[in-house]
Asker: 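Before I ask anything, here is the structure I am working with.
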Amino acid sequence: MARIADAVRPRLARAAEAVRPRLARAATAAKPRVARLARAVSPQAARITGPKTWQYTAGAATAGLALAAGVVTTAGPWDSTGQRTAERDRAVAQERAGGADHGRSTDTSDTVTAAPLPAPSAASVLTGLGGTSTVKSAPNGKALAGVLGPLLDAPELGSRTAAVVDVASGRRLYGDGAGQALTPASTTKIATAAAALAALGPDHRLTTRTALEPGTKELVLVGGGDPTLTAREDSGGWASLRELAAATAKKLKKQDLREVTLSYDTTLYAGPELHRIGVNDNLARVTALMADEARTDDSTRGPVPRVADPAKDAATKFASFLADRGIKTTSPGPSKATNRAESLAEAASPPLSALVERMLTNSDNDIAEALARHTAVAGGRRADFDGADAAIRDRLKRLGLPVSGSAFKDGSGLDRADKLTADLLTALLAKAADPDHPELRPTLTGLPVAGFTGTLTSRYTDGAAGIVRAKTGTLTGVNTLAGTAVDQDGRLLAFAFLASNTTNPGAAQSALDAAATALASCGCG
């Protein structure tokens with residue numbers, strides 16, 4: 001680790017020098033806006049807008065943004081869609097807007113051209129922030145409380161809890177109700193990500209396949225629980241239903257079969273398909289077979305109406321692709337592939353690391369529910385909502401994380417009965433940064449980047465852009481934020497802010513953003 005740090009330090013220094021003039025100008029421009037944001041959030045916040053807390057110096061911003069530039073040089077891109085490239089561009093040329101979505105875009109200039117590689121461990125990042133001579137000690141807890149306390153006391157936040165942890169040491173620096181379990185909304189996905197990665201590993205792939213039953217001419221499309229399976233002409237690097245049909249047709253013709261009975265198998269999952277919130281534009285029925293998340297338009301993220309029967313819809317599309325290849329089928333119906341069936345072809349998803357990153361960046365509920373089910377399967381549990389709950393808890397407990405009081409009623413955070421603590425969320429983030437657990441690193445690399453990617457693309461544009469990485473969470477009366485920030489002294493901090501009984505979601509979101517920005521700009525050593 002020390003050798004890696006020594007190797008990357010000159011690159012970081014060069015990157016810092018390259019961006020220092022632009023960052024200094026950005027610091028001057030951002031300071032009044034950040035101060036206004038603090039005053040807007042709470043009258044009490046005006047007390048902490050002095051130079052020590054809110055001054056965005058070139059050194060503080062350089063620590064965060066040059067860090068991204070250095071990591072690009074040493075470890076390559078975050079993924080094939082260019083998230084890390086965007087951060088590098090931000091660090092070396094402030095003029096250009098950065099960021100790219102992890103999923104397939106309808107703009108062909110932004111599509112994935114190859115299956116994303118597993119996320120790197122980024123050891124140089126962790127070493128650089130953990131204890132080199134250029135990084136100061138962790139913030140003082142009392143000083144940190146003086147900065148965050150007034151902001152988190154904003155009435156817009158209703159009932160709230162908070163925790164801040166020094167990632168390098170794992171020591172909690174600040175806590176307020178940190179052990180109290182509240183509804184986490186979509187920050188639940190951090191727990192889902194870590195549990196799935198621990199259970200399956202970052203290189204695991206979800207496989208959809210076809211199987212031919214002997215002597216019956218029954219062809220079974222076997223769902224592998226991959227919601228990213230796509231029926232689009234341009235697969236964008238994700239598993240392709242069209243390509244699976246082409247490979248299957250080729251195998252059938254080799255056996256002189258031009259007409260088959262088509263069935264589909266969804267038995268990988270058990271229990272109810274419908275989420276407790278009912279039919280909802282935020283996710284499809286949870287089934288082991290679907291194409292394009294059962295979306296009824298060409299979107300790849302965000303709420304949209306879903307087809308009523310995702311499995312039958314995918315099988316019907318598959319039948320049309322077989323017809324294009326000269327294979328006639330019956331109207332597809334449900335079945336189960338037997339152990340005697342001959343496997344014909346497969347379509348494998350990108351590695352689990354890429355699925356986790358897409359899930360976190362876009363707050364993708366369908367991927368989240370699929371990963372929860374797969375965690376249950378890997379743990380020998382029934383692949384339903386209850387089984388996933390037990391499996392996620394079990395995996396996190398094995399990692400030595402504080403799961404007391406937690407409940408994982410789903411994998412996405414849409415269920416209001418989910419309960420997490422700020423202590424658990426910060427412990428999860430610190431564990432993902434632990435050099436002894438590189439398999440968990442996508443939990444960090446998938447977090448939306450302030451001002452760049454996913455659900456934070458349009459947030460933090462006038463302060464802390466590129467320095468805060470965080471997962472958002474929003475339900476009626478619930479606003480949450482959990483992630484990492486590089487403070488003014490170059491220290492990597494993990495934070496979690498959970499608020500319930502909020503009445504104005506916009507104001508609550510601004511309050512949480514102000515707290516994260518204050519953390520990033522804090523020179524509280």
Side-chain angles (χ1 to χ4, degrees), residues 101-106 206-210 219-236 238-246 248 261-324 329-337 347 349 355 358-359 362-374 383-385 388 410-415:
D101 182 67
H102 284 257
R104 179 186 181 277
S105 170
T106 53
L206 311 184
T207 302
T208 307
R209 65 186 179 91
T210 52
L219 177 68
V220 186
L221 177 62
V222 183
D226 178 12
T228 67
L229 177 70
T230 180
R232 296 184 172 100
E233 286 191 46
D234 179 5
S235 68
W238 307 97
S240 171
L241 194 63
R242 291 173 183 268
E243 292 175 8
L244 179 61
T248 300
T261 299
L262 180 60
S263 302
Y264 56 90
D265 182 347
T266 62
T267 58
L268 178 65
Y269 293 173
E273 295 180 351
L274 190 62
H275 191 281
R276 266 183 50 174
I277 63 173
V279 176
N280 191 284
D281 289 353
N282 284 292
L283 81 167
R285 286 177 174 268
V286 185
T287 175
L289 178 63
M290 66 174 69
D292 301 302
E293 300 181 340
R295 293 173 176 271
T296 54
D297 63 12
D298 291 331
S299 66
T300 58
R301 56 192 178 275
V304 69
R306 312 305 177 93
V307 298
D309 189 340
K312 186 174 181 62
D313 172 72
T316 300
K317 290 174 178 175
F318 185 71
S320 70
F321 300 149
L322 286 176
D324 293 340
T329 70
T330 59
S331 178
S335 184
K336 177 176 172 54
S349 74
L355 301 185
R358 174 172 164 176
M359 173 188 72
N362 295 338
S363 200
D364 192 303
N365 298 307
D366 297 287
I367 295 177
E369 297 302 346
L371 296 188
R373 288 289 204 282
H374 279 279
D384 58 11
F385 286 106
D410 66 4
S412 61
L414 289 171
D415 195 323

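Everything quoted here is computed from the prediction, not taken from an experiment. In this chain, numbering begins with 1 at the start of the sequence shown.
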Asker: Relative to F318, does R242 satisfy both conditions: NZ or CZ under 6.0 angstrom from the six-membered ring centre, and within 45 degrees of the ring's axis?
Answerer: no
Asker: For the pair L219 and T329, evaluate side-chain contact (heavy atoms from CB on, under 4.5 Å) and give the outcome as yes or no after the intermediate values.
Answerer: CA-CA 9 Å; L219 177 68; T329 70; 5.7 Å; no
Asker: Distance-only, no hydrogens or angles: does the E369 side chain make a donor-acceptor pair with backbone N or O of S412 under 3.5 Å?
Answerer: yes
Asker: Working to the nearest 0.5 Å, report the span between CD1 of I367 and CG of D226.
Answerer: 8.5 Å
Asker: Of all heavy-atom pairs between A314 and A291, which one has the smallest distance, and what is that distance?
Answerer: CB-N, 3.9 Å
Asker: Looking only at heavy atoms, what is the nearest atom pair of K336 and D265, with distance?
Answerer: CA-OD2, 3.5 Å
Asker: Once you round to the nearest 0.5 Å, how far does CG of N362 lie from OG1 of T300?
Answerer: 6.5 Å
Asker: Got a second to check how far L221's CG is from L244's CG, nearest 0.5 Å?
Answerer: 6.5 Å
Asker: Could you pull out the closest heavy-atom pair between Y264 and A315, with the gap in Å?
Answerer: CD2-CB, 3.6 Å
Asker: With a 4.5 Å cut-off on side-chain heavy atoms, are E293 and D364 touching?
Answerer: yes
Asker: Please determine, by modelled atom types, if N280 and N282 share a side-chain donor-acceptor pair under 3.5 angstrom.
Answerer: yes
Asker: Check A319 against L262 and note the closest heavy-atom contact, atom names and distance.
Answerer: CB-CD2, 3.6 Å
Asker: If you take all heavy atoms of A231 and F321, which pair is closest and at what distance?
Answerer: O-CZ, 3.6 Å
Asker: May I have all residue pairs that pass salt bridge (Lys or Arg N to Asp or Glu O under 4.0 Å) and include part of residues 304-313, sequence neighbours excluded?
Answerer: R306-D366, D313-K317
Asker: Tell me the salt bridge (Lys or Arg N to Asp or Glu O under 4.0 Å) pairs involving residues 268-292, sequence neighbours left out?
Answerer: R232-D292, R276-D415
Asker: Quick one: does any side-chain atom of H374 pair with a main-chain N or O of G224 as donor and acceptor, under 3.5 Å?
Answerer: yes
Asker: Identify the two heavy atoms, one from S349 and one from L355, that lie closest to each other, and give their separation to 0.1 Å.
Answerer: OG-CD1, 3.9 Å
Asker: Using the rule given for side-chain contact (heavy atoms from CB on, under 4.5 Å), can you reason through V286 versus F385, listing the C-alpha separation, both sets of side-chain angles and the distance that settles it, and then say yes or no?
Answerer: CA-CA 10 Å; V286 185; F385 286 106; 4.1 Å; yes
Asker: Is L241 close to T230 at the side-chain level, that is, under 4.5 Å between some pair of heavy atoms?
Answerer: no
Asker: Would you find a donor on one side and an acceptor on the other, under 3.5 Å apart, between the side chain of T296 and the backbone of P305?
Answerer: yes
Asker: In Å and rounded to the nearest 0.5 Å, what is the CE to OG1 distance from M290 to T228?
Answerer: 10.5 Å
Asker: For the residue pair H275 and L414, establish whether any side-chain heavy-atom pair is separated by less than 4.5 Å.
Answerer: yes
Asker: Could you walk me through whether V222 and T210 satisfy the side-chain contact (heavy atoms from CB on, under 4.5 Å) test, starting with their C-alpha distance in whole Å, then the side-chain angles of each, then the deciding distance to 0.1 Å, before giving a yes or no?
Answerer: CA-CA 6 Å; V222 183; T210 52; over 6 Å; no
Asker: Do T330 and T261 have side-chain N/O donor and acceptor atoms under 3.5 Å apart?
Answerer: no
Asker: Donor-acceptor check, side chain of R373 to backbone of A383, threshold 3.5 angstrom: yes or no?
Answerer: yes
